[in-house]
Amino acid sequence: MSVLQRTRGLGWGQRYVAVEPTHFRVDYVINPFMDPAVQPDPVLAMSQWQTMVRTLEGLGASVDVLAQRPDAPDMVYAMNLGLGLVRADGTRQAVMSHMRYAERRMETVSAGPFFAGLGHAPSYVGSDGVGAHLEAGDAFAFGDALVVGYGPRTEELALKHLAADLGVRVRGLRITHPGMYHLDLAFCPLDERRALVCPSALDAPSAAALLELVPEPLVLTEEEALTTFAANSVVVGSTVVMPACPPRVRAKLEEWGFDVVIVDVSEFHKGGGSIRCLTNPIDITVGRDLPAVPGGEVLLPPEA
């Protein structure tokens with residue numbers, strides 16, 4: 001395929017935060033994939049994580065690594081630590097997650113100073129169980145808005161905080177599927193027009209709104225999303241780094257000009273996350289990747 005035929009990919013996704021899995025294990029159950037009787041192999045998990053990091057760096061991305069807390073076995077899923085971005089005025093900010101489950105709330109105690117060290121001033125919509133719940137795995141820049149899933153983990157109230165705090169438009173989507181409890185298990189932006197989408201994660205009005213928002217969606221079935229974690233992928237330039245890729249999905253991606261690189265992170269599927277969950281992009285830029293909307297705006301789908 002000639003260079004002229006290749007997609008330009010996303011403007012963001014060149015810089016990531018990740019957490020080295022030195023204390024990764026399954027100690028409790030907060031999603032349908034977790035079973036304390038089925039523990040990850042720590043040696044294999046570390047090898048898979050290192051391969052993922054080397055792959056991203058080999059594609060030209062940078063990865064800043066945060067040490068894992070011994071008391072935070074889920075901290076490896078760095079996508080949920082906070083929403084890092086560059087504001088319209090050029091300042092860097094990280095809206096720290098306020099986890100739904102108390103088992104994960106200690107993570108931001110370490111993540112806040114780490115983000116600050118990278119130049120992203122931390123802000124909060126809630127903490128210690130007080131205030132709106134927000135988990136950054138529900139938030140993606142796409143089109144004219146920050147697209148945010150809400151329901152299982154992120155609360156609707158958090159959308160208003162995000163819009164006002166960041167000065168952006170927020171488009172909310174109601175997640176109703178228990179197995180796709182974060183939007184990053186059902187939605188993966190690919191470029192300005194395309195995204196992997198699993199409508200089964202959402203109620204009918206939200207599914208319709210997402211399909212209307214994405215000009216060229218590559219629709220995943222419920223089975224594909226849950227068994228392959230294909231939507232939980234990342235894009236670096238014109239390369240999609242995926243945990244697995246159904247043949248028909250690969251064919252369409254390649255037709256669109258993307259390269260597909262498969263990285264096995266199956267040990268992390270035991271905790272309910274894959275490549276996107278393990279990586280947190282911090283280079284989303286207001287004014288480039290989503291428009292600035294002074295004062296903010298929230299758009300919600302109609303009730304089902």
Side-chain angles (χ1 to χ4, degrees), residues 6-17 56 59-64 78-97 111-112 114-125 132 134-150 154 158-173 183-184 187-197 209-210 212-217 234-240 258 276 279-300:
R6 292 201 176 279
T7 176
R8 292 185 300 171
L10 295 169
W12 54 273
Q14 298 291 325
R15 188 179 183 188
Y16 295 92
V17 167
L56 293 175
L59 292 169
S62 64
V63 182
D64 293 289
M79 180 66 179
N80 288 298
L81 295 176
L83 175 62
L85 47 72
V86 183
R87 297 178 63 101
D89 63 3
T91 59
R92 297 179 181 274
Q93 184 174 346
V95 184
M96 305 308 300
S97 290
F114 183 80
F115 276 101
L118 297 176
H120 290 258
S123 64
Y124 299 84
V125 301
L134 167 70
E135 300 194 6
D138 282 322
F140 288 91
F142 188 83
D144 67 349
L146 189 68
V147 181
V148 181
Y150 65 96
T154 295
L159 278 58
K160 298 178 182 179
H161 287 293
L162 284 174
D165 185 17
L166 301 176
V168 299
R169 178 178 299 108
V170 172
R171 291 187 178 272
L173 301 171
L183 190 61
D184 62 17
F187 180 54
C188 178
L190 299 168
D191 62 18
E192 293 180 352
R193 295 184 53 81
R194 305 178 177 108
L196 298 172
V197 177
L210 182 56
E212 183 178 352
L213 178 65
V214 181
E216 296 182 68
V234 302
V235 181
V236 181
S238 61
T239 300
V240 190
F258 291 96
R276 171 65 72 189
T279 55
N280 187 328
I282 58 171
D283 56 346
I284 294 170
T285 302
V286 178
R288 182 192 68 183
D289 304 314
L290 68 165
V293 178
E297 180 184 21
V298 176
L299 301 176
L300 297 176

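Counting from 1, the numbers follow the sequence of the chain as shown.
- Considering all non-hydrogen atoms of both residues, Arg193 and Pro215 come closest at O-CD, 3.2 Å.
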Could you please spell out the steps behind the side-chain contact (heavy atoms from CB on, under 4.5 Å) verdict for Arg288 and Val86? CA-CA 10 Å; Arg288 182 192 68 183; Val86 183; over 6 Å; no
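- The shortest non-hydrogen separation linking Gly9 to Phe258 is CA-CE2, 4.5 Å.
- Side-chain contact check for Val95 versus His161: every heavy-atom pair is 4.5 Å or farther apart.
- Under the 4.5 Å side-chain criterion, counting only non-hydrogen atoms from C-beta, Leu81 is not in contact with Phe114.
- Side chain of Asp283 to main chain of Gly13: a donor-acceptor pair is present (N/O by atom type, distance under 3.5 Å, no hydrogens or angles).
- Contact annotation: the side chain of His120 never approaches that of Leu83 to less than 4.5 Å [non-hydrogen atoms, C-beta and beyond].
- Here the side chains of Trp12 and Thr285 are not in contact, with every heavy-atom distance at 4.5 Å or above.
- When every heavy atom of Leu290 is checked against every heavy atom of Ala141, the shortest pair comes out as CD2-CB, 4.1 Å.
- Side-chain contact between Gln14 and Val236 is present, with at least one heavy-atom pair separated by less than 4.5 Å.
- Val235 approaches Pro189 most closely through the heavy-atom pair CG2-O, 3.5 Å.
- Here the CZ atom belonging to Phe140 is positioned 8.0 Å from the CD1 atom belonging to Ile284, to the nearest 0.5 angstrom.
- If you take CG on Leu10 and CG on Asp191, they are separated by 6.5 Å, rounding to the nearest 0.5 Å.
- Residue Glu192 qualifies as open at atom CD: its count of foreign heavy atoms under 6.0 Å is 12 or below.
- Listed for the Arg169 side chain is a donor-acceptor partner under 3.5 Å among the backbone atoms of Asp144.
- Nearest approach of Asn280 to Ala78, heavy atoms of both residues: ND2-O, 3.0 Å.
- With rounding to the nearest 0.5 Å, the separation of CG in Leu162 from OG in Ser123 is 8.5 Å.
- For Gly119 against Arg92, the heavy-atom pair with the smallest separation is O-CB, 3.1 Å.
- Each of Leu196, Asp138, Leu210 was compared with Phe187 under the side-chain contact (heavy atoms from CB on, under 4.5 Å) criterion, and only Leu210 meets it.
- Residues Asp165 and Gln93 are in side-chain contact: their nearest non-hydrogen atoms beyond the backbone lie under 4.5 Å apart.
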How far apart are the C-alpha atoms of Arg171 and Leu173, what are their side-chain angles, what is the distance that settles it, and do they pass the side-chain contact (heavy atoms from CB on, under 4.5 Å) test? CA-CA 7 Å; Arg171 291 187 178 272; Leu173 301 171; 5.9 Å; no
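- Counting only heavy atoms from C-beta outward, the side chains of Leu159 and Leu300 approach each other to under 4.5 Å.
- Without hydrogens or angle criteria, Arg276 side chain to Cys188 main chain gives no donor-acceptor distance under 3.5 Å.
- In this structure the side chain of Thr279 never reaches within 4.5 angstrom of the side chain of Val63, judged on heavy atoms.
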